[in-house]
Amino acid sequence: MPGTDPAEAMRVIAGELPDFPHLPELPDRGPGADLTGRTAGLLTGMPVEVTPRGWRLADRPGRDLVRARSMLSSDLDVLEEVLQGYRGPVKIQLCGPWTLAATLELPRTMNVALADPGAVADLIASLAESAAAHAAEVAKRLPGARLVVQFDEPALPAVTAGLVPTASGMSRLAAVEDDTVTEGLGRVLASTGCYTVVHCCAAVVPFGIIKAAGADAVAFDLSQLRRGEEDRVAEAAEAGMGLLTGAVPAAAGETAGADQAGGAGRAAARGGRPGETSGARQTAERVLRLWRRLGLPLETGPEQAVVTPACGLAGATLPQARAALARCREAGGWLTELIETGGEFG
């Protein structure tokens, strides 16, 4: 989410997504609030520090680690306050093991951890332990919630394709074998004991690896999906996986007006027929067209699909982010509406 105020972001999320809120990340706050730093700060027995290039493993804990942990603790306080008494699914996000290995530097060198198989093994073990502890902490704060743990893996395709650059930038690290990637990702997913999602908004998503690793759902950018990958998506859906379908751009609703989109979302929350002014119907139609191309029964769409932003909203304005979340919520209502009424969606 954009901005630096976790309370404001959490209130927006709870207001627009009352049935499926999440803990926001606010990278505008600086180091420790970013994808790598936020998760690296949780690692057990592997302290980290900030360098001019990003995060690296350190010999001992320092102020960078203290700052990262302090921000996350404050965010959890806000989550607990805003969602007090909430019962239902709640999502939290962590950096996945392979993206962490591709972005976290080794100590006393500028090479990333991915260059050292031993460091990767230690990182996976530490992340598995830390993810389990983090999930348990959130569950303790929200005893009525059903926790969903998302692992962000934007670098996963680069890891498997051998496209992660070396420290010099003059060459690339060797590709990691699919079986090794699957095993490492699977270990981290299994550690939480929760419903798990792997999010990858890259142009090529390794759906087969994500499915084989045991993820309960996959999140992807619908606009990036290639026709050649649709068979993999169909296989995931037929296996019962959830599809968090990134069908709403970050600036969604800005042309129609954020207030209009937000009002439509609130009308849907009151039980009214979903509105058509915010583009939500068109978003739902895109998702159902995908379902039709995949050869899946349309009635399973609302059961397995969650309409989401295409990717993170940190680069949007707060009104844009609010409008995008509102459109996601309303589009979810339209999935059922279109199927039940036999609406046309070409």
Side-chain angles (χ1 to χ4, degrees), residues 35-36 38-40 42-44 46 54-55 57 93-106 111-132 135 149-167 171-221 224-226 228-237 239-244 246 311:
L35 175 62
T36 297
R38 190 173 174 90
T39 299
L42 288 171
L43 293 176
T44 302
M46 301 185 78
W55 288 88
L57 295 168
Q93 299 83 229
L94 292 170
C95 185
W98 294 104
T99 295
L100 199 60
T103 56
L104 191 60
E105 291 182 357
L106 295 166
N111 285 320
V112 294
L114 190 65
D116 182 342
V120 171
D122 291 343
L123 195 60
I124 289 172
S126 178
L127 180 58
E129 182 178 349
S130 304
V149 183
Q150 173 177 305
F151 290 92
D152 291 314
E153 283 282 18
L156 188 58
V159 169
T160 59
L163 296 177
V164 177
T166 59
S171 61
R172 300 288 182 266
L173 296 175
V176 181
E177 293 184 0
D178 288 359
D179 288 348
T180 301
V181 173
T182 300
E183 181 182 356
L185 180 59
R187 179 176 178 181
V188 174
L189 293 173
S191 70
T192 68
C194 301
Y195 189 95
T196 55
V197 180
V198 174
H199 171 230
C200 181
C201 55
V204 179
V205 178
F207 290 101
I209 288 175
I210 293 170
K211 175 175 173 287
D216 296 299
V218 58
F220 60 96
D221 180 350
Q224 298 266 31
L225 184 66
R226 302 176 182 180
E229 294 182 301
E230 290 184 354
D231 288 344
R232 294 288 193 177
V233 179
E235 291 172 3
M241 292 180 67
L243 301 182
L244 278 69
C311 204

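What you are looking at is a predicted structure, and each value in this text was computed from that prediction instead of being measured.
With a 4.5 Å cut-off on side-chain heavy atoms, N111 and D116 do not count as touching. Counting heavy atoms from C-beta outward, D221 and C311 have side chains that stay 4.5 Å or more apart. At least one side-chain heavy atom of P97 sits less than 4.5 Å from a side-chain heavy atom of L185. By the 4.5 Å heavy-atom criterion applied to side chains, L156 and I210 are counted as neighbours. Side-chain contact between T99 and D152: absent, with no pair of heavy atoms (C-beta onward) separated by less than 4.5 Å. The shortest side-chain heavy-atom distance between V218 and V197 does not fall under the 4.5 Å cut-off.
In this structure, V112 and A101 approach most closely via the heavy-atom pair CB-O, 3.6 Å. In terms of heavy-atom proximity, A131 sits nearest to F151 at CB-CZ, 4.0 Å. Scanning all heavy atoms of the two residues, the minimum distance from A202 to P154 falls at CB-O, 4.2 Å. Across all their heavy atoms, S191 and A132 have their closest contact at O-CB, 3.3 Å. Listed here is the closest heavy atom pair of V159 and A102: CG2-CB, 4.2 Å. Of all the heavy atoms in L243 and A236, the pair that sits closest is CD2-CB, 4.4 Å.
Remark: side-chain polar atoms of W98 are paired, donor with acceptor, to backbone N or O of V181 under 3.5 angstrom. The backbone N or O of H199 sits nowhere less than 3.5 Å from a side-chain atom of Q150 that would complete a donor-acceptor pair.
With sequence neighbours left out, D122 forms a side-chain contact (heavy atoms from CB on, under 4.5 Å) with M46. Remark: E229 pairs with no residue by the salt bridge (Lys or Arg N to Asp or Glu O under 4.0 Å) rule, at least two apart or across chains. Every residue meeting the side chain to side chain donor-acceptor pair (under 3.5 Å) condition with T36, not counting sequence neighbours, appears here in chain and number order: T103. Contacts of T44 classified as side chain to side chain donor-acceptor pair (under 3.5 Å), with partners at least two apart in sequence or in another chain: S130. C194 pairs by the side-chain contact (heavy atoms from CB on, under 4.5 Å) definition with A135, L147, V149, T192, not counting sequence neighbours. A search for side chain to side chain donor-acceptor pair (under 3.5 Å) contacts involving T160 returns nothing, not counting sequence neighbours. Partners of E230 according to the side-chain contact (heavy atoms from CB on, under 4.5 Å) rule, which considers only residues two or more places apart in sequence or in another chain, are L225, R227, L290, R293, L294. Taking the side-chain contact (heavy atoms from CB on, under 4.5 Å) definition, one finds that A212 meets it with T182, sequence neighbours left out.
Separation of atoms CG (L42) and OG1 (T39) is listed at 6.0 Å; rounding is to 0.5 Å. Interatomic distance, L104 CG to L114 CG, rounded to the nearest 0.5 Å: 11.0 Å.
Pairs passing the side chain to side chain donor-acceptor pair (under 3.5 Å) check and including a residue from residues 203-219, sequence neighbours excluded, read T196-D216.
Under a cut-off of 6.0 angstrom, the local environment of CD in E183 is sparse, with at most 12 non-hydrogen atoms contributed by other residues, nucleotides or ligands.
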* List the steps and the verdict of side-chain contact (heavy atoms from CB on, under 4.5 Å) for L100 and L43. => CA-CA 11 Å; L100 199 60; L43 293 176; 4.2 Å; yes
* **Stepwise side-chain contact (heavy atoms from CB on, under 4.5 Å) test for D231 and F207** => CA-CA 10 Å; D231 288 344; F207 290 101; over 6 Å; no
